[in-house]
Amino acid sequence: MPGLITYNVNGIRAAIRKGFVDWLKASNPDIVLIQETKAQPDQIPVEEFEALGYHHYWFSAAKKGYSGVGILSKTEPDKIVKGMGIEKYDREGRFIRADYGDISIISVYHPSGTNDDRLQFKFKWLEDFQNYIDGLKKERPNLVISGDYNICHKPIDIHDPVRNTKVSGFLPEEREWLDGFINSGFLDSFRFFNKEPHQYTWWSYRANARNKNKGWRIDYHLVTQNLKEQLNRSVILSTATHSDHCPVLIDIDF
């Protein structure tokens, strides 16, 4: 399964205990963009990834057991950039970028709005993230921004759009931001190929939600419009069970 995968693993060490490395060996993607590692680099058994031929790069939160992003890549990138240069976000380990020729691939973990303070933090992050990417596009116009956005875009992306209208992740303001971000020059690669509803990437652990398919689609590969012709497919890998999220695959030529 060559290609590019984004995967919120909900703790890299927990995912490894659940068979993540065996799954990675069998799937054999070219690049894996990881979110929510919940580990410092010295806590990750990187030799298991090295044995499979992956270069690995990590950007962890200052707080142990929290957030964190990473990249596994069969090809060594030309450049790695950790963080956006904004201290209050970088201390949470939410952004890492790899450059391959003229294409930049980003693993991003957007904040969730679990309470009022964190919701305001999220809104400010979204504003600053848009500004940062607007600037980056002038330098690196070919972008793949993959990860957990913690936002469902449209009613078809969530199992109960009516009752979740007042829940962070499906608030009108969040969805409006995602509209604007996509319209600033991006393509939702999954929806480019898949128009059907009820295709989700995250389920609550509560009430057997995954088996009942009461889910949310919050994990995305957003690709700049100028890369559209290089996209071949996008698939949610729903059989992977190392996390409360699913990995999402795109095939893209670069």
With rounding to the nearest 0.5 Å, note down the distance linking [atom1] in [X] to [atom2] in [Y].
{"X": "Tyr54", "Y": "Ser73", "atom1": "OH", "atom2": "OG", "answer": "9.0 Å"}
{"X": "Leu222", "Y": "Gln225", "atom1": "CG", "atom2": "CD", "answer": "10.5 Å"}
{"X": "Ser112", "Y": "Leu119", "atom1": "OG", "atom2": "CG", "answer": "9.5 Å"}
{"X": "Asp179", "Y": "Lys154", "atom1": "CG", "atom2": "NZ", "answer": "5.0 Å"}

Can you tell me if [X] has over 12 outside heavy atoms packed within less than 6.0 Å of its [atom1]?
{"X": "Lys74", "atom1": "NZ", "answer": "yes"}
{"X": "Arg91", "atom1": "CZ", "answer": "no"}
{"X": "Lys88", "atom1": "NZ", "answer": "yes"}
{"X": "Lys195", "atom1": "NZ", "answer": "yes"}

Next item on the list: On the 0 to 90° scale, with breaks at 30° and 60°, tag the Tyr57-His55 ring pair as parallel, tilted or perpendicular.
Entry: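 Aromatic pair Tyr57/His55 classed parallel.
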
Margin query: Parallel, tilted or perpendicular, judged at 30° and 60°: which one describes the rings of Phe129 and Tyr149?
Written below: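 It falls in the perpendicular class, over 60°.
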
For [X] against [Y], the heavy-atom pair lying closest together:
{"X": "His221", "Y": "Ser146", "result": "ND1-OG, 2.7 Å"}
{"X": "Thr201", "Y": "Ile218", "result": "OG1-N, 3.1 Å"}
{"X": "Thr75", "Y": "Tyr100", "result": "O-CE2, 3.6 Å"}
{"X": "Trp23", "Y": "Pro247", "result": "CZ2-CG, 3.7 Å"}
{"X": "Arg97", "Y": "Ile71", "result": "C-CD1, 4.2 Å"}

Notebook entry, point to check: Between the main-chain N or O of Leu143 and the side-chain N or O of Ser104, is there a donor-acceptor pair closer than 3.5 Å?
Noted result: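 Here the side-chain-to-backbone pair does not exist.
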
Margin query: Please check this pair: side chain of Ser234 against backbone of Ile250, looking for a donor-acceptor N/O pair closer than 3.5 Å.
Written below: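 Side chain of Ser234 to backbone of Ile250, a donor-acceptor pair under 3.5 Å: no, none is there.
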
Checklist line | Basic-acidic side-chain contact under 4.0 Å: Asp251, Arg233 | finding: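 Yes, this pair counts.
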
My understanding is that only residues two or more places apart in sequence, or in another chain, count here; which of them pass salt bridge (Lys or Arg N to Asp or Glu O under 4.0 Å) with [X]?
{"X": "Asp160", "result": "Arg163"}
{"X": "Asp157", "result": "Arg191, Arg217"}
{"X": "Asp128", "result": "Lys124"}

Margin query: Applying a strict under-4.5 Å side-chain criterion to I, L, V, M, F, W and Y, I'd like to know whether Leu231 and Tyr220 cluster together.
Written below: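 They do not share one cluster, since no chain of ILVMFWY contacts under 4.5 Å joins Leu231 to Tyr220.
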
Notebook entry, point to check: Among pairs that include at least one residue of residues 72-95, which meet ring pair (Phe, Tyr, Trp, His ring centres under 6.0 Å), considering only residues two or more places apart or in two chains?
Noted result: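 Pairs touching residues 72-95 that pass the test: Tyr89-Phe121, Tyr89-Trp125, Phe95-Tyr132.
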
Side-chain donor-acceptor pairs under 3.5 Å in residues 5-17, sequence neighbours left out?
from: Thr6; atom 1: OG1; to: Gln35; atom 2: OE1; distance (Å): 3.4
from: Thr6; atom 1: OG1; to: Gln35; atom 2: NE2; distance (Å): 3.1
from: Thr6; atom 1: OG1; to: Gly147; atom 2: N; distance (Å): 3.3
from: Tyr7; atom 1: OH; to: His242; atom 2: N; distance (Å): 3.4
from: Tyr7; atom 1: OH; to: His242; atom 2: ND1; distance (Å): 2.9
from: Asn8; atom 1: OD1; to: Asn10; atom 2: N; distance (Å): 2.9
from: Asn8; atom 1: ND2; to: Glu36; atom 2: OE1; distance (Å): 3.0
from: Asn8; atom 1: ND2; to: Asp148; atom 2: OD2; distance (Å): 2.9
from: Asn8; atom 1: ND2; to: His245; atom 2: NE2; distance (Å): 3.4
from: Asn10; atom 1: OD1; to: Lys38; atom 2: NZ; distance (Å): 2.8
from: Asn10; atom 1: ND2; to: Asp244; atom 2: OD1; distance (Å): 3.4
from: Arg13; atom 1: NH2; to: Lys38; atom 2: O; distance (Å): 2.9

Next item on the list: Identify the residue among Arg210, His159, Lys212 that makes a side chain to side chain contact (heavy atoms under 4.5 Å, CB included) with Trp203.
Entry: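 Filter result, single survivor: Arg210.
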
Quick one: does [X]'s side chain get under 4.5 Å of [Y]'s, heavy atoms only?
{"X": "Ile236", "Y": "Asn194", "value": "no"}
{"X": "Ile34", "Y": "Trp58", "value": "yes"}
{"X": "Phe186", "Y": "Lys137", "value": "yes"}

Next item on the list: Kindly write out the residues that satisfy side-chain contact (heavy atoms from CB on, under 4.5 Å) with Glu229, not counting sequence neighbours, or none if the list is empty.
Entry: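 Counting only residues at least two positions away or on another chain, Glu229 forms no side-chain contact (heavy atoms from CB on, under 4.5 Å).
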
Notebook entry, point to check: Taking atom types as modelled, is there a side-chain donor on Gln120 or Asp116 under 3.5 Å from an acceptor on the other?
Noted result: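 The answer is no; no qualifying pair exists.
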
Notebook entry, point to check: Given Leu4 and Asp30, is the side-chain contact (heavy atoms from CB on, under 4.5 Å) satisfied, shown in steps?
Noted result: CA-CA 6 Å; Leu4 174 64; Asp30 299 310; over 6 Å; no

Notebook entry, point to check: Lys122 and side-chain hydrogen bond (donor to acceptor under 3.5 Å, both in side chains): which partner among Glu174, Glu173, His110, Glu127?
Noted result: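 In the set Glu174, Glu173, His110, Glu127, the residue that makes a side-chain hydrogen bond (donor to acceptor under 3.5 Å, both in side chains) with Lys122 is Glu174.
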
